[in-house]
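Some notes on the structure that comes next.
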Amino acid sequence: MSLLVVGLSHRSAPVSVLERAALSADAQIKLLQDTVAAEPATEAAVLATCNRIELYADVDKFHAGVAELSTLLAQHSGVGLEELTPYLYVHYEDRAVHHLFSVACGLDSMVVGEGQILGQIKDSLAKAQELHTAGRLLNDLFQQSLRVGKRAHSETGIDRAGQSLVTFGLQQLAAGGDVDAWAAGKKALVIGAGSMSSLAAATLARAGVREVVVANRTFERAERLAQILTDADDNAVTARAVEMTAVPGELTRADVVVSCTGATGLVLTAEAVTRAVEGRTGQPAVAVPAAPAAAAAPAAPAGVGNDENCPLDLAAVQTGFSVMGEAAVAGMDAATLEQHAAWVAGGTVDRRERRTPEADAELITALAAAVATVGRIPERRRPEPPAERPEPFFFLLDLAMPRDIDAAVHRLAGVRLVDIESLAEASADAPMAADVDQVRRIVSDEVAAFGAAQRAAHITPTVVALRTMAADVMASEIARLDGRLPDLDDRERGEIRQAVHRVVDKLLHAPTVRVKQLAAEPGGAGYADALRTLFDLDPETVASVSRAGDSTDKKDRPA
């Protein structure tokens, strides 16, 4: 059997696809059950976070396993297989181990080095154990990944490179300024009471917000989180819990809103946020224009949309584009470019908004020559000054996947929205600490150690079966000796037994130790087969030892 992982993450798929593919808790359970019921897989675990969905399995066939796991992911995510496939990645055997260890260390996170992923891996393992879909391989793998992640954080400075998604999100809300100074005295509304929401509430409380209101579908969980915040010694915040029905009213009072729920639809619509803005200001909410009026396109001919001589769809010309420049003619073939050049040279465009017809005709002719060579003209937008936005007074952080807050609210004046998509963009160019290289070395060493341990474990049942056979032979020979020499006293019989045991142990010690060492090396899987052949071991005896080991593992696992 071999380890296989099929998944998608913020590195392989756009946020819009991740959002649609997000798995509910019930969908994760069904996915695990269906995976172990499928023919190629015997074990399964799902790692589902706000920016990744990964299915781990122990499979006996690579290609069949990839096909089955991909199909199951598509079925349970609701995204068609043909649409999902371009965004999927596959890791097998050592590469799969390397991938999970890198994830556990925060190397594959949106915010490099963040430690929250360790809790998510722990939850993933617990769920697989509870459903009895994790066997020896995945238990060993996930437990060691947790140890590797903890080692990376304790032995290196990866924490200096990374931070939680919550902290990074709050920094974006504060526009890169000091979060504590930005948060001081503000009122916060936290929607959700899971691990991410709890972390957000605690972070805001430590940052100095005056009040934290917690809303959750299960009111008792909201009450529990509010009580934890109240009892904490590291803040002086006032915390209280409310029902979800109270959210519209609390929006009007809040300065900061953090939402991270498991809802499949929007928790805060654009209309709800608009009403909250109007309730705070007492004025109608206004949308921020995409660009100031001064950056509008040059005036088009008087007969816009009706000028049959113009090859452009002038009514569709975007703000900020020139009907005469490169952007307007991007992708035109040479004949259409010439027609456009003739139209420009005809002087129908307001001359105050452009250069001379001769200059524009020369530009179009040059573009025509270029398109004849390269096939099309790349579109180039005229530089635009950024749209003027008033200082925000209402801050929204959406950490849910799929999103909780309608992305359209970012157009409202006075509102700043940060969500998973904007966090992905902001973190794309984030610098990586020098400690990342050290963490990568730790991951490589741990992958080698895990592989060696798994290969050594593979031969253990064969070694145990060999020693069992030797013990049976010794017992048989000593019993026969007792029949032949009935006059031996107990002391003499004991001496003979010990002598025989010592001889057998010495004969088997060096070969069994050496075969374990050899089996732990890359390519050492064949030594188990060699040992079974040399000593004519019963395959069923070896298999029974393996089953006994698996049974012991299951007894020791938490339910």
Side-chain angles (χ1 to χ4, degrees), residues 1-7 28 31-48 54-66 68-69 72-73 90-104 118 120-149 443 445-464 516 519-529 542-559:
M1 304 299 283
S2 300
L3 178 66
L4 174 67
V5 56
V6 177
Q28 291 178 43
L31 175 58
L32 286 172
Q33 293 171 336
D34 287 354
T35 301
V36 294
E39 181 180 345
T42 58
E43 302 180 34
V46 173
L47 180 57
E54 296 177 342
L55 178 55
Y56 291 78
D58 188 6
V59 300
D60 58 0
K61 299 174 182 176
F62 172 73
H63 293 97
V66 171
E68 188 66 34
L69 267 58
L72 288 169
L73 273 177
V90 175
H91 298 297
Y92 190 55
E93 295 187 326
D94 283 354
R95 290 302 307 169
V97 177
H98 189 282
H99 175 73
L100 182 59
F101 287 3
S102 297
V103 169
L118 286 174
Q120 294 163 330
I121 291 175
K122 185 176 181 181
D123 291 343
S124 175
L125 175 60
K127 182 173 295 184
Q129 289 173 335
E130 180 182 356
L131 296 172
H132 304 292
T133 64
R136 172 178 287 177
L137 176 61
L138 291 186
N139 269 282
D140 290 349
L141 174 70
F142 275 68
Q143 287 170 359
Q144 183 155 339
S145 73
L146 293 173
R147 292 192 291 270
V148 174
V443 168
D445 292 344
E446 292 284 354
V447 169
F450 182 81
Q454 291 297 306
R455 289 188 291 270
H458 178 70
I459 203 170
T460 297
T462 304
V463 172
V464 171
K516 286 182 178 180
E521 297 175 359
Y527 285 99
D529 293 333
V542 176
S544 66
V545 173
S546 298
R547 288 194 295 270
D550 289 342
S551 176
T552 302
D553 285 349
K554 290 177 182 177
K555 289 179 183 177
D556 293 339
R557 282 177 216 149

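The structure displayed is predicted, hence computed values, not measured ones.
In plain terms, the two heavy atoms of Asn139 and Gly135 that are nearest each other are ND2-O, 2.8 Å. What you find for Ala64 and Pro40 is that their closest heavy atoms are O-CG, 3.9 Å. Here the shortest heavy-atom pairing between Ser102 and Val443 reads OG-CG1, 3.8 Å. Contact detail for Ala128 and Ala45: the closest heavy-atom pair is CB-CB, 4.1 Å. Residues Leu3 and Ala96 approach most closely at CD2-CB, 3.7 Å, considering heavy atoms.
To the nearest 0.5 Å, atoms CD (Glu39) and CG (Asp60) are separated by 7.0 Å. Expressed to the nearest 0.5 Å, how far OG of Ser124 lies from CG of Leu32 amounts to 7.5 Å. Note that the CD atom of Glu54 and the CG atom of Leu69 stand 11.5 Å from one another [nearest 0.5 Å]. With rounding to the nearest 0.5 angstrom, the CG atom of Asp94 is 13.0 Å from the NE2 atom of His91. Rounding to the nearest 0.5 Å places CG of Leu72 at 6.0 Å from CG of Asp34. The distance from atom CZ of Phe450 to atom CG of Asp445, rounded to the nearest 0.5 Å, is 15.5 Å.
With hydrogens and angles ignored, the 3.5 Å screen pairs no side-chain donor or acceptor of Asp58 with any backbone N or O of Thr42. Side chain of Thr35 to backbone of Leu31: a donor-acceptor contact under 3.5 angstrom is found. With hydrogens and angles ignored, the 3.5 Å screen pairs no side-chain donor or acceptor of Ser2 with any backbone N or O of Glu93.
In this structure, Leu55 and Leu4 have side chains that are not in contact, with every pair of non-hydrogen atoms separated by 4.5 Å or more. Put simply, the side chain of Leu125 reaches to within 4.5 Å of the side chain of Gln143, judged on heavy atoms. Contact of the Arg136 side chain with the Asp140 side chain is registered, since non-hydrogen atoms from C-beta on lie closer than 4.5 Å. Contact of the Leu100 side chain with the Ile121 side chain is registered, since non-hydrogen atoms from C-beta on lie closer than 4.5 Å. With contacts defined as side-chain heavy-atom distances shorter than 4.5 Å, the pair Leu118/Lys122 does not qualify.
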* **side chain to side chain contact (heavy atoms under 4.5 Å, CB included) assessment of Phe101 paired with Leu141** => CA-CA 9 Å; Phe101 287 3; Leu141 174 70; 4.0 Å; yes
* Evaluation steps, side chain to side chain contact (heavy atoms under 4.5 Å, CB included), between Val66 and Tyr92 -> CA-CA 10 Å; Val66 171; Tyr92 190 55; over 6 Å; no
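Around atom CD of Gln33, more than 12 heavy atoms belonging to other residues, nucleotides or ligands sit under 6.0 Å away.
Under the salt bridge (Lys or Arg N to Asp or Glu O under 4.0 Å) criterion, Asp123 pairs with no residue, sequence neighbours left out. Residues meeting the salt bridge (Lys or Arg N to Asp or Glu O under 4.0 Å) test with Glu43, sequence neighbours left out: none. For the salt bridge (Lys or Arg N to Asp or Glu O under 4.0 Å) test, residues two or more places apart in sequence or in another chain that qualify with Glu446 are Arg151.
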